[in-house]
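Proteins come first, then strands; the chains are lettered A, B, ... in the order of their sequence lines, and each starts at number 1.
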Amino acid sequence: MPNIVVLVKQVPDTYSERKLSEGDHTLDRDFADAVLDEINERAIEEALQIKEAHDGEVTVLCVGPDRATDAIRKGLSMGADKAIHVLDDALHGSDLLQTAKVLAAAIRTVEDVDLVIAGNEASDGAGGAVPAVVAELLGYPQLTHAREVTVDGTTVKVTRETEDGLTHLEASLPAVVSVGEKINEPRYPSFKGIMAAKKKPVETVDIADLGVDAGDVGLANAWSTVVEAAPKPPREAGQRVEDDGDGGVKIAEYLVGQKLI
Amino acid sequence: MAEVLVLVDHLDGEVKKVTGELLTAARALGEPSAVVVGAPGDAAKLKESLASYGAEKVYVAESEDAANYFVTPKVDVLAALVESKSPAAVLVAAGSEGKEVSGRLAARVGGALLVDAVGVEGSGDDATVTQSVFGGAFVVKAKAAKGLPVISVRPGGLDAEQAQGAAAEETVEVPAVDPAKATRITGREPVVGGDRPELTEASVVVSGGRGVGSAESFEVVEKLADALGAAVGASRAAVDSGYYPAQFQVGQTGKTVSPQLYIALGISGAIQHRAGMQTSKTIVAVNKDAEAPIFEIADYGVVGDLFKVAPQLTEEAAKRKG
Ligand SMILES: Cc1cc2nc3c(=O)[nH]c(=O)nc-3n(C[C@H](O)[C@H](O)[C@H](O)COP(=O)(O)OP(=O)(O)OC[C@H]3O[C@@H](n4cnc5c(N)ncnc54)[C@H](O)[C@@H]3O)c2cc1C
Ligand SMILES: Nc1ncnc2c1ncn2[C@@H]1O[C@H](COP(=O)(O)O)[C@@H](O)[C@H]1O
């Protein structure tokens, strides 16, 4: 009967332009459309599949601003049972380590957690380290970048897929798992699911509720600071030619001219 | 000069290219010490190349557990060295595993995590890193506000330069593994790239997209890659259609590559694909649709059928190689 917590993040839609705000170089969240990160849909899907096979309960956990509620609702309408939303103005500008600390504190408030499931890498920060740091803070084993997850009794097995190839991992529960893009195809919320989600409990907490010190979070207390940020001038289009039967030769000539071959 | 720890990225008794880049970056900050965590006998095979990139010391942390447990032995060894040697900074490769190692280390020792640096400057613990965010759309400089800088460096982000180092060995203990908190590695299936260079390390990358049409016709992409000594990449659409394995995906959720030359064949150039390749020095695209967005960022584009253009280019490249 695994009790599963899924970490979900709301991110700017990658189809819209993303930018950093002028003042404090944090992500300009008002600028882009916000969506539930695609990788987190896969994390929820995996949790739901484990629940369907073994029973249990799925809690969605999100640290984010007010409008992150939309991302949470999407998780609930896919089929998660309940949610925790950590919402606190003091969190603005928190870095990866601070966010992981808040997530770990929130996970500790959930009773008898067996599995924490996250995405392997968020599409905005691309830190790729929150799940590992959460595992560090909770003292759980980490099984990350999964393309396959099997839960068997108190053992969890994962096939990890990265640039290094496949690695087979095994640990005992409770554990932190992060999923990669090839793990599954997330389900679409059904009409029934969307209606049901409206009635599911969302517990909104602030950092005081979690026992996290305001001096440990937020931009002013971050471990790292951005000293400078500038948009890179967009790449300019170069030459473009139609292929008249000599397109390959022309590319070769161009590459020779550039001393690339 | 301040000591800077570098976690050596190695496989099968050889250092990965990024290790040279890490040691080069470390030399900018202070005196590099290479840290080898691995199976007994690993460090002996790596020592010579570590010396050739200027490692003054080599800390050898070898045990069966170090090789058979996942991530935590590396964190444990680095944390112990941070304690005993008080280094000015720690550098780790920003691959999937390195990002996790550096994150955990920073959390454990009270360090400042600086991820995915493409440049490192400064001296000692006053390090400033350059990062390329949102797929290269923004360039950011960041530094530690407090604590030990723990920096992950993007493979290929900066150039390795050789320098002679003493590579004096010192054995360090691998702390005991706590099985309740650790993950066992029960098997490995490394990528069999054949003779091709690794995607993130290659100086030339040839990628195919949905336009390639099938797994069989990816041969056209591979042949061009081999004629150029290149790595092969693929768009997500090509991976999802089963034309090419997932570990070769380039883009926001795949690999970020920054080669001297990137050739896109039958790839439309969606924003998420561009996020993984638009910092390439030179981009060449072949697409039969003149409106394809890939042409907006290509230095040289040919509007045409990849099945005609690519084989011709392969032939030309082979001729020049002689
Ligand atoms: C959250 C998220 C993450 C994503 N991550 C990635 C990622 O990491 N990497 C990635 O690549 N995509 C990613 N995508 C998907 C991305 O949006 C595009 O769908 C994908 O890049 C399209 O791949 P493609 O260019 O191969 O296919 P298409 O867009 O279908 O383009 C195929 C192109 O081939 C051309 N073509 C067809 N036949 C020929 C021929 N014979 N000769 C020449 N040209 C031909 C066509 O004109 C067309 O332009 C992501 C999407 C999302 C939402
Ligand atoms: N603010 C957040 N709230 C909830 N989960 C998060 C948050 N930030 C990161 N995560 C989780 O950690 C994963 C990896 O994020 P990152 O390490 O930032 O690339 C994401 O896919 C989420 O599952």
Side-chain angles (χ1 to χ4, degrees), chain A residues 14-15 18 20 25 39 95-97 100 123 126-129 132-133 136-137 139-145 161-172 181-182 222-232 235 237-243 247-252 254-255 258 260-261, chain B residues 70-71 95-96 99-100 103-104 106-108 112-115 134 136-147 180-191 200 246-247 252-253 255 260-261 271-272 278 282 284 295-304 308-309 312-313 316-317 320:
Chain A
T14 55
Y15 286 103
R18 294 171 291 178
L20 299 172
H25 307 310
I39 195 66
D95 65 15
L96 195 151
L97 295 173
S123 62
V133 179
E136 169 77 28
L137 297 172
Y140 290 0
Q142 71 165 84
L143 306 92
T144 42
H145 292 265
E161 182 172 51
T162 66
E163 66 275 19
D164 298 325
L166 301 181
T167 315
H168 300 281
L169 303 174
E170 192 177 315
S172 51
E181 199 180 44
K182 304 298 176 236
W223 290 90
S224 55
T225 51
V226 172
V227 287
E228 207 178 297
K232 200 165 177 168
R235 263 188 113 97
Q239 281 182 68
R240 193 178 62 190
V241 299
E242 294 281 336
D243 177 30
V249 175
K250 280 197 174 137
I251 296 177
Y254 173 78
L255 295 179
Q258 300 291 315
L260 285 163
I261 54 173
Chain B
F70 179 59
V71 172
S96 305
K99 285 181 177 176
E100 300 181 321
R104 293 187 74 137
R108 196 178 301 176
L113 182 64
L114 298 163
V115 290
F134 298 152
F138 271 79
V139 179
V140 167
K141 286 193 189 248
K143 61 195 302 178
K146 54 185 175 187
K181 296 181 178 180
T183 298
R184 251 173 0 104
I185 298 174
T186 56
R188 285 179 215 268
E189 299 171 48
V191 179
T200 52
Q247 70 259 25
Q252 180 186 299
T253 47
K255 302 284 136 49
Q260 295 297 321
L261 172 62
I271 192 163
Q272 298 91 351
Q278 65 191 358
T282 299
V284 170
F295 289 126
E296 292 164 18
I297 58 160
D299 299 286
Y300 196 83
V302 172
V303 182
K308 299 209 175 88
V309 178
Q312 194 178 61
L313 176 56
E316 290 294 314
R320 275 163 229 272

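For a residue to count as touching a neighbouring chain, one of its non-hydrogen atoms must lie under 4.5 Å from one of that chain's; by this rule B:Ala107 touches chain A with backbone and side chain alike. Only the side chain of B:Val71 comes within less than 4.5 Å of a heavy atom of chain A; its backbone N, CA, C and O stay farther away. Only the side chain of A:Glu181 comes within contact range of chain B, with at least one heavy atom under 4.5 Å from a heavy atom of that chain. In this structure, chain A has heavy atoms under 4.5 Å from both the backbone and the side chain of B:Lys146. Interface residue B:Thr282: backbone and side-chain heavy atoms are both found under 4.5 Å from chain A. For a residue to count as touching a neighbouring chain, one of its non-hydrogen atoms must lie under 4.5 Å from one of that chain's; by this rule B:Ala182 touches chain A with the backbone only. For A:Gln239, the parts lying under 4.5 angstrom from a heavy atom of chain B are both the backbone and the side chain.
Between B:Arg188 and A:Asp164 no salt bridge is recorded (no basic side-chain N to carboxylate O distance below 4.0 Å).
Side-chain atoms of A:Leu255 and B:Tyr300, non-hydrogen and from C-beta on, never get closer than 4.5 Å to each other. A 4.5 Å side-chain heavy-atom check between A:Trp223 and B:Leu114 finds every atom pair outside the cut-off. A:Leu169 has its side chain out of reach of B:Thr186: every pair of non-hydrogen atoms, C-beta onward, lies at least 4.5 Å apart. In this structure, the side chains of A:Glu136 and B:Arg108 come closer than 4.5 Å at one or more pairs of heavy atoms. The shortest distance between side-chain heavy atoms of A:Leu260 and B:Gln260 falls below 4.5 Å.
Between the side chains of B:Glu100 and A:Thr144, a donor-acceptor pair is found at a separation under 3.5 Å. Inspection of the B:Thr200 and A:Glu163 side chains reveals no N or O donor paired with an N or O acceptor under 3.5 Å.
For the atom pair B:Gln247 CD and A:Lys182 NZ, the distance stands at 11.0 Å (nearest 0.5 Å).
A donor-acceptor pair under 3.5 Å links the side-chain atoms of B:Thr183 to the main chain of A:Gln142, judged by distance alone. Side chain of B:Gln312 to backbone of A:Val249: a donor-acceptor contact under 3.5 angstrom is found. Judged by distance alone, the side chain of A:Arg235 and the main-chain N or O of B:Glu296 form no donor-acceptor pair under 3.5 Å.
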| message | What verdict does the side chain to side chain contact (heavy atoms under 4.5 Å, CB included) test give for A:Arg240 and B:Val303, after you've listed the backbone C-alpha separation in whole Å, the side-chain angles of each residue and the deciding distance to 0.1 Å? | response | CA-CA 7 Å; A:Arg240 193 178 62 190; B:Val303 182; 3.8 Å; yes
| query | Between B:Thr253 and A:Ile39, is a side chain to side chain contact (heavy atoms under 4.5 Å, CB included) present by the stated rule, with each step listed? | reply | CA-CA 9 Å; B:Thr253 47; A:Ile39 195 66; over 6 Å; no
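Ranking A:Gly165, A:Ser172, A:Ala100 against chain B, the residue ahead of the rest is A:Gly165, based on heavy-atom pairs under 4.5 Å. Of the listed residues (B:Ala106, B:Pro190, B:Gly187, B:Gly304), the one with the most heavy-atom contacts under 4.5 Å to chain A is B:Gly187. Your options are B:Lys255, B:Gln278, B:Lys143, B:Glu316, and the one with the most heavy-atom pairs under 4.5 Å with chain A is B:Lys143. The candidate with the highest count of non-hydrogen atom pairs below 4.5 Å against chain B, out of A:Gly139, A:Gly247, A:Ala230, A:Ala222, is A:Ala230. Contacts with chain B were tallied for A:Ala252, A:Gly238, A:Pro141, A:Ala229; A:Pro141 has the most, counting heavy-atom pairs under 4.5 Å. Of all the listed residues (A:Thr162, A:Leu97, A:Leu137), the one sharing the greatest number of non-hydrogen pairs under 4.5 Å with chain B is A:Leu97. Comparing B:Ala145, B:Ala298, B:Ala112 by heavy-atom pairs within less than 4.5 Å of chain A, the highest count is held by B:Ala145. In terms of heavy-atom pairs under 4.5 Å with chain B, the best-connected choice from A:Val226, A:Ile261, A:Asp243, A:Val241 is A:Val241.
Here the shortest heavy-atom pairing between B:Leu113 and A:Leu96 reads CD2-CD2, 4.0 Å. Pairing each heavy atom of B:Gln252 with each of A:Ser123, the nearest pair is NE2-CB, 3.3 Å. The heavy-atom pair separating B:Lys99 from A:Gly128 by the smallest distance is CB-O, 3.9 Å.
Considering only residues two or more places apart in sequence or on other chains, B:Gln272 meets the side-chain hydrogen bond (donor to acceptor under 3.5 Å, both in side chains) condition with A:Thr14. For the ring pair (Phe, Tyr, Trp, His ring centres under 6.0 Å) test, no residue two or more places apart in sequence or in another chain qualifies with A:Tyr140.
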